[in-house]
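Following: one structure in structure tokens, then a few remarks.
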Amino acid sequence: MKYKGLPINDGIVIGRIRERFASGSGDKKREKADADFERMRFFDALLEFESSMKKVASESSTKEGSDIISAQIMISRDPVLSDDVLELIDSGLYAEEALERACAKYEEMLKASGDETMIARCEDLAEVKSGINALMGGGSAVVGTAPASEDDGDVIFADRLSAAQIVSCKAENVKAIVMRGGSEASHAAVILRSMGIVSVFGVPYKSEDISENRECIVDGTNGIVILGPTQEEKARYSGKSIPITKAEKEAAPFTVEPSKTKDGTEIGVFCNISSGDVPPEAAYSDGAGLVRTEFLFMSGGFAYPENEQEAVYARIADALAGKETIIRTMDVGGDKALDSIAEIDAHVDNPALGLRGIRRSLLDPDGFMIQIKAILKASKGRKIDIMIPMVTSLAEVKEARHLIEGCRYELGKHGFSYREDIRLGCMMETPAAVMCAPELAREVDFFSIGTNDLSQYIMCADRGNPALSNYVSIYQPAVIRAVKQICDAAKTTGIPVTVCGEAASDSCMLPVFLGLGVRNLSVSPYKVREVKSAIKKLTMSSCMSISSLVLEADSADKVKEILN
Ligand code: PEP
Ligand code: MG
């Protein structure tokens, strides 16, 4: 039995069907609605929803996954929604019915805005509603999570999966996902691509053909799903007789050739690593342009022993087979709230404008020096560099450098060696850093543009607030002009510029970045090949013309118009 659906994420999986995700209950009937009791049920479910979603977000192996779950948490916290639910409960409705009606009203409001980004939030709203409903019915917010399995080729079949269910798949060892519903631009698709899980949506399979353990083939490149494949089909898809996917064909030589534009300009394509695991896809990159070290401090607070940190950094660099590995010092605070500081941040009005990144490190020089010594020790015989986040002044860089010098001295005194020519770079992600870019360019060895924060701070718009995603956008003229200023400053001292925020893998923005002077990109490991092949199709002269045009645009819409 062969079905055709929407190809969502490349690759081939020959596996076995796993228990489908069940839907939550949430429809227990009681005799009469008691407002106090219903309020309590709603609030308990709301709190439980938030805490279980936070856990899912913190366990997400990708940033896309945690961002989407965070957006859902924001919706669940919206007082417009909860006030409506409470009002409806007070008017005599059961909590489920009140939630249903309040969500319908909220959805209407999103749709009436006429704003595409707001309309796209309806998908999150539906997931928030079903999560809270499931909890009120005594279930869990991540309803129907499949049991763990040792089988390597498991394939989940479902009508539709929520972002939280997909994020939880990583731990479940799922290799492919087939859904009846879903669209190419849905959150589910974004997360699946970021996790590298082969997937096909819009597959009209019949329930009676799906049985536990039945063999199947999922071809995510061509959107084909085969139930009960023949020996010949299996042989064909296992690559014995024909090459399987376009992506695999392109990647055939596993060695990394430098990525060049059509006219021969070399562009480094690095990957972002946000956990201790380096996915195999990282092998196609030129190294790690950003190792986010926050994951180390997620549960145990800031006291992560130096030798254990050193082992993690060395392991990451070794997994990248001797290629350049840029380790960013701890960047917690703001949207990267850790349990250990949640208590402190709960008492400040604007955590995103509070003790984040290098500010926090400089307030705790002992902790910062432990991390630096660990990085230095790991750099022995490895191409490791250091990068500091959330820089807002030259003074911070000088102070950080001073502490790094202190660490070098201390290590040397105790007979430890490290990479002598280790470089220090700074994240360019605040308006202050843009304004001071010329001085910073004289002080550091490289710049790395964090477009996620740069757009948040330039546009004064919370990167975690889904209602503001049009503001937190690389297409905003103010953000593009900031990127230009950074590149211009870097040119004057000859230091290299990398873009390491999400926008680095936006193929529409690629010619703009190159035209402005960016020569390295750091993207999700799963995007490396895609970005490399996009680079090959460009010429530097066309990139320069496009970037000049874009710099003249006076609105995000005009920028999009030029780039599409
Ligand atoms: C950024 O801000 O764009 C960035 C790469 O850093 P993070 O997302 O970790 O803040
Ligand atoms: Mg950042």
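Sequence positions, counted from 1, serve as the residue numbers for this chain. Each ligand, and each atom within it, is numbered from 1 in the order the structure gives.
Within ligand 1, counting atoms from 1 as listed, the ones closer than 4.0 Å to a heavy atom of M427 are 4 (C), 5 (C), 6 (O). Near C500, with a cut-off below 4.0 Å to any heavy atom, the atoms of ligand 1 are 5 (C).
Only the side chain of R463 comes within 4.0 Å of ligand 1, judged by heavy-atom distances. With a heavy-atom cut-off of 4.0 Å, M428 does not touch ligand 1 at all. When heavy-atom distances to ligand 1 are checked against a 4.0 Å cut-off, L290 comes that close only through its side chain, counted from C-beta outward. At a heavy-atom cutoff of 4.0 Å, ligand 1 is contacted by no atom of E502, backbone or side chain.
Atoms CD1 and NZ, from I372 and K377 in turn, are 13.0 Å apart once rounded to the nearest 0.5 Å. How far OG1 of T261 is from CE of M540: 6.0 Å, rounded to the nearest 0.5 Å.
Because the distance cut-off is set at 2.8 Å, D453 qualifies as a neighbour of the Mg ion (ligand 2) through one of its N, O or S atoms.
Considering backbone and side-chain N/O atoms, D453 comes within less than 3.5 Å of an N/O atom of ligand 1.
The main-chain N or O of L424 is never found under 3.5 Å from a side-chain atom of D385 such that the two would form a donor-acceptor pair. Put simply, the side chain of S473 gets close to the backbone of Y475: a donor and an acceptor are under 3.5 Å apart. T430 places no side-chain N or O within 3.5 Å of a backbone atom of M390 that could act as its donor or acceptor partner. Without hydrogens or angle criteria, E552 side chain to L549 main chain gives no donor-acceptor distance under 3.5 Å. Using a distance-only test at 3.5 Å, with no hydrogens or angles considered, no donor-acceptor pair links the side chain of Q309 to the main chain of A374.
Selection from R292, M390, E429, R356 by nearest heavy atom to atom 5 (C) of ligand 1 gives R292.
Distances from the Mg ion (ligand 2) to each N, O or S atom of E429 single out OE1 as the nearest.
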